There are 2 protein chains.
Amino acid sequence: MPKTPTCPHGSTMTVTCSDCSLNPICLPIAVSKDELIQLDEIIKRGRPIKKGEHIFNAGEGFRSVYAVRSGTLKTYTLTENGEEQITGFYLAGEILGMDGINTNHHSNSAKALEASAVCEIPFERLEELSAKIPSLQRHFFQLMSREIQADQQLIMLLSKKPADERIASFLLNLGSRHENRGLSGERYRLNMSRSDIGNYLGLAVETVSRTFTRFQQKSLIKTEGKEVEVLDKEGLRTISNKARTP
Amino acid sequence: MPKTPTCPHGSTMTVTCSDCSLNPICLPIAVSKDELIQLDEIIKRGRPIKKGEHIFNAGEGFRSVYAVRSGTLKTYTLTENGEEQITGFYLAGEILGMDGINTNHHSNSAKALEASAVCEIPFERLEELSAKIPSLQRHFFQLMSREIQADQQLIMLLSKKPADERIASFLLNLGSRHENRGLSGERYRLNMSRSDIGNYLGLAVETVSRTFTRFQQKSLIKTEGKEVEVLDKEGLRTISNKARTP
DNA sequence: CGACTACTTGAAATATTTCAAAGTGAGTGG
DNA sequence: CCACTCACTTTGAAATATTTCAAGTAGTCG
């Protein structure tokens, strides 16, 4: 595990991949030390994004994918009638923008839910490097495959109709992603609004709100604004797996 | 456009990529003539699959991706309580199995909805070849990106709650995929059962059935068993885009 | 501190699910 | 080749969950 220097000025602009604390879960996982130097050269590091700011917009030409360095982002598309449909939330270490590879245009927009920072990875350079470094090519295939799996998990979530199940699964999913980052999976902050959650899960805001209070009455969770505490993970798990045909 | 020889014995075992009629929409689109020969060498062509048979099962080790040569397939996972959740339908020329790249194990099972044939493409060989042929690498990235987009379209479908909208979108989507294959987008066969459609769209079978008859009463479509005829594409489009907040 | 947005809560309206049953079709075996 | 069975589809009526509409409360940001 590489030493992670703490920067006295809070700036992330000068951190290299080798020094980045996300090193073990981000792209670099795939490459050796010298290769990492090459990767570092093509990456534009630590661009800060203010809350509400966009990284890219649907329809724009596709040039790069982005690794979340810190903060939280959401991706979404606009339906034909102008409604927003959220397609994903992205935490530190996750890669977004891969939807644009197919048509060479982004099909989603990406927006920061809080002050964040992203590393921009020019895709053409990544392709060139991938052809030279087999493990990087493999890793990038894996990242895309992971995105496919994540989308399919959401599909399963949306297909199980009861609101309880969707929200229980959602909370557990966020929890385990936090744990993978070495953070608490029992106590974390929902950086997205209730309305974002509803949109993402195909539920009305009011349903989200009501389900949260119901969960609280059952002592499954405790919420305080955007903070959530999972009190009974097993209980949530039971709900999220509730059998419909006993 | 290459000449597509008709095989007098109906066998697909001897057809090469160069001769395959799906040539313009399948993997070969990315490569030159000599490169196609290399691609042809690694592909195990035209394995026939009986109706109901599996190509791969969830949990199995991942070795290959598969191109549909003919027929229709579905992919699905089993939820924790043993319920099937369909994640996709695949028509001729489409590639499946990419979900397994991430963990090196398939997360879905794939099953034939009718007698079908698939070309098996060993993934390691494809990776090697991709590193050598930049346009192939690019194309495979694009294929994965397309899968991501398809999943996200389904997410949008599932998030728009009314059954009419889901089913209208579903029928239009299938239609345009048929058109891309040079087949009629107005008249085609639903190779999946009503129950499969319901499962895929997050609806009860009964709701699917009722919605079909309602569409029929409105002269939007005409069904006869598994055959569908789209009578009023514009009408379906209007329903699929129905604004919820006027 | 005030305006604005986000969140919560209640009650009525609505759509879908569930339960029940009949009709249809395909495949099998006599 | 026909009859039978099993699975799939359709239809109806009641039950249920979520949405919608409405209003009040809390939080946030300038």
Side-chain angles (χ1 to χ4, degrees), chain A residues 50-53 74 83-86 111-115 157-168 170 189-218 221-228 239 242-246, chain B residues 50-52 74 83-86 111 113-115 157-168 170 189-218 221-228 239 242-246:
Chain A
K50 286 199 272 288
K51 179 176 175 172
E53 203 179 310
K74 72 172 175 186
E83 296 171 78
E84 179 176 316
Q85 171 59 52
I86 295 173
K111 191 175 185 175
L113 294 171
E114 60 179 326
L157 222 66
L158 292 171
S159 280
K160 45 166 119 169
K161 290 122 283 184
D164 312 5
E165 297 185 32
R166 300 191 194 188
I167 293 191
F170 176 72
R189 195 179 158 76
L190 294 168
N191 292 102
M192 62 297 288
S193 69
R194 300 285 193 271
S195 146
D196 279 343
I197 297 174
N199 181 301
Y200 180 67
L201 297 178
L203 299 169
V205 201
E206 295 93 328
T207 309
V208 176
S209 190
R210 276 189 254 268
T211 307
F212 273 34
T213 56
R214 222 175 318 125
F215 279 5
Q216 223 160 160
Q217 287 162 355
K218 291 188 199 164
I221 62 171
K222 190 162 160 298
T223 63
E224 213 184 300
K226 295 198 169 303
E227 294 293 330
V228 205
I239 290 177
K242 181 167 49 191
R244 240 169 312 294
T245 43
Chain B
K50 286 199 274 287
K51 179 176 175 173
K74 72 172 175 184
E83 295 171 79
E84 178 177 317
Q85 172 58 51
I86 296 174
K111 192 176 184 174
L113 294 172
E114 58 180 328
L157 220 69
L158 292 171
S159 279
K160 46 166 117 168
K161 290 119 284 183
D164 312 4
E165 299 185 30
R166 299 190 196 188
I167 293 191
F170 176 71
R189 196 180 158 75
L190 294 168
N191 292 101
M192 61 298 287
S193 69
R194 300 286 192 270
S195 146
D196 279 344
I197 297 174
N199 180 302
Y200 181 67
L201 297 177
L203 298 169
V205 200
E206 295 93 328
T207 309
V208 176
S209 190
R210 276 188 254 269
T211 307
F212 272 33
T213 57
R214 223 176 318 127
F215 280 3
Q216 224 160 161
Q217 287 162 355
K218 291 189 197 163
I221 62 171
K222 190 161 161 300
T223 63
E224 214 185 299
K226 296 200 169 302
E227 293 292 331
V228 205
I239 290 175
K242 181 167 51 192
R244 238 168 314 295
T245 43

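What you see is a predicted model, and the numbers here were worked out from it, not measured in a lab. Every chain is numbered from 1 and lettered A, B, ... according to where its sequence line falls, protein lines coming before strand lines.
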Do any side-chain nitrogens or oxygens of Ser209(B) fall under 4.0 Å of OP1 or OP2 in dT9(D)? no
Flag if over 12 foreign heavy atoms under 6.0 Å of NZ, Lys51(A): no
Atom CG in Leu158(B), atom CG in Leu201(A): separation rounded to 0.5 Å? 12.0 Å
Terminal axis angle for the helix from dC1(C)-dG30(D) to dG30(C)-dC1(D), five pairs an end, nearest 10 degrees: 50°
In whole Å, I'd like the distance from the NZ atom of Lys51(A) to the C1' atom of dT28(D). 9 Å
Mind checking Gly202(B) for me? I need base, sugar-phosphate or nothing, with any heavy atom below 4.0 Å counting as a touch. sugar-phosphate
Check this one for me: any side-chain N or O of Lys226(B) less than 4.0 Å away from OP1 or OP2 of dC8(D)? no
Looking at every heavy atom in both Thr211(B) and Ala163(B), which two are closest together, and how far apart are they? OG1-CB, 4.0 Å
Looking only at the side chain of Thr213(B) (C-beta and beyond, no hydrogens), which of the listed nucleotides dT9(C), dT10(D), dC7(C) gets closest? dT10(D)
Rounded to whole Å, the CD-P distance (Gln216(B) to dT9(D)) equals 14 Å
Arg210(A) has a side chain; which of dT17(C), dT16(C), dG10(C) sits nearest to it? dG10(C)
To the nearest 0.5 Å, what is the distance between CD (Glu224(A)) and CD (Gln216(A))? 9.5 Å
Ranking dT16(C), dC21(D), dT8(C) by distance to the side chain of Arg194(A), first place goes to dT8(C)
Against the side chain of Val205(B), the closest entry in dT10(D), dT8(C), dT19(D) is dT10(D)
Under-4.0 Å side-chain N/O to phosphate OP1/OP2 contact, Thr207(A) with dA17(D): no
Atom-pair distance (CG on Leu190(B); C1' on dT9(D)), nearest Å: 13 Å
Could you check how far CE of Met192(A) sits from P of dC7(C), rounded to whole Å? 11 Å
Determine whether Lys74(B) and Asn191(B) satisfy the following criterion, side chain to side chain contact (heavy atoms under 4.5 Å, CB included), listing intermediate values before the conclusion. CA-CA 10 Å; Lys74(B) 72 172 175 184; Asn191(B) 292 101; over 6 Å; no
For atom CD of Glu227(B) and atom P of dA26(C), their distance in whole Å: 12 Å
Could you work out which one of dC7(C), dT19(D), dT11(D) sits closest to the side chain of Glu206(B)? dT11(D)
Among dC8(D), dT18(D), dC19(C), the one nearest any side-chain atom of Ala163(A) is dT18(D)
Please report, rounded to the nearest Å, how far the C1' atom of dT10(D) is from the CZ atom of Phe215(B). 16 Å
Check Val228(B), Thr223(B), Thr207(B) against Phe212(B) for a side-chain contact (heavy atoms from CB on, under 4.5 Å) and give me the one that passes. Thr223(B)
Would you kindly give the CG-to-C1' distance between Asn191(B) and dT9(D), to the nearest whole Å? 17 Å
Side chains of Ile197(B) and Leu190(B) in contact at under 4.5 Å (non-hydrogen atoms): yes
Taking the side chain as every heavy atom from C-beta outward, state whether Glu83(B) and Asn199(B) have any atom pair closer than 4.5 Å. no
Using whole Å, report how far CG of Leu203(A) lies from C1' of dC7(C). 16 Å
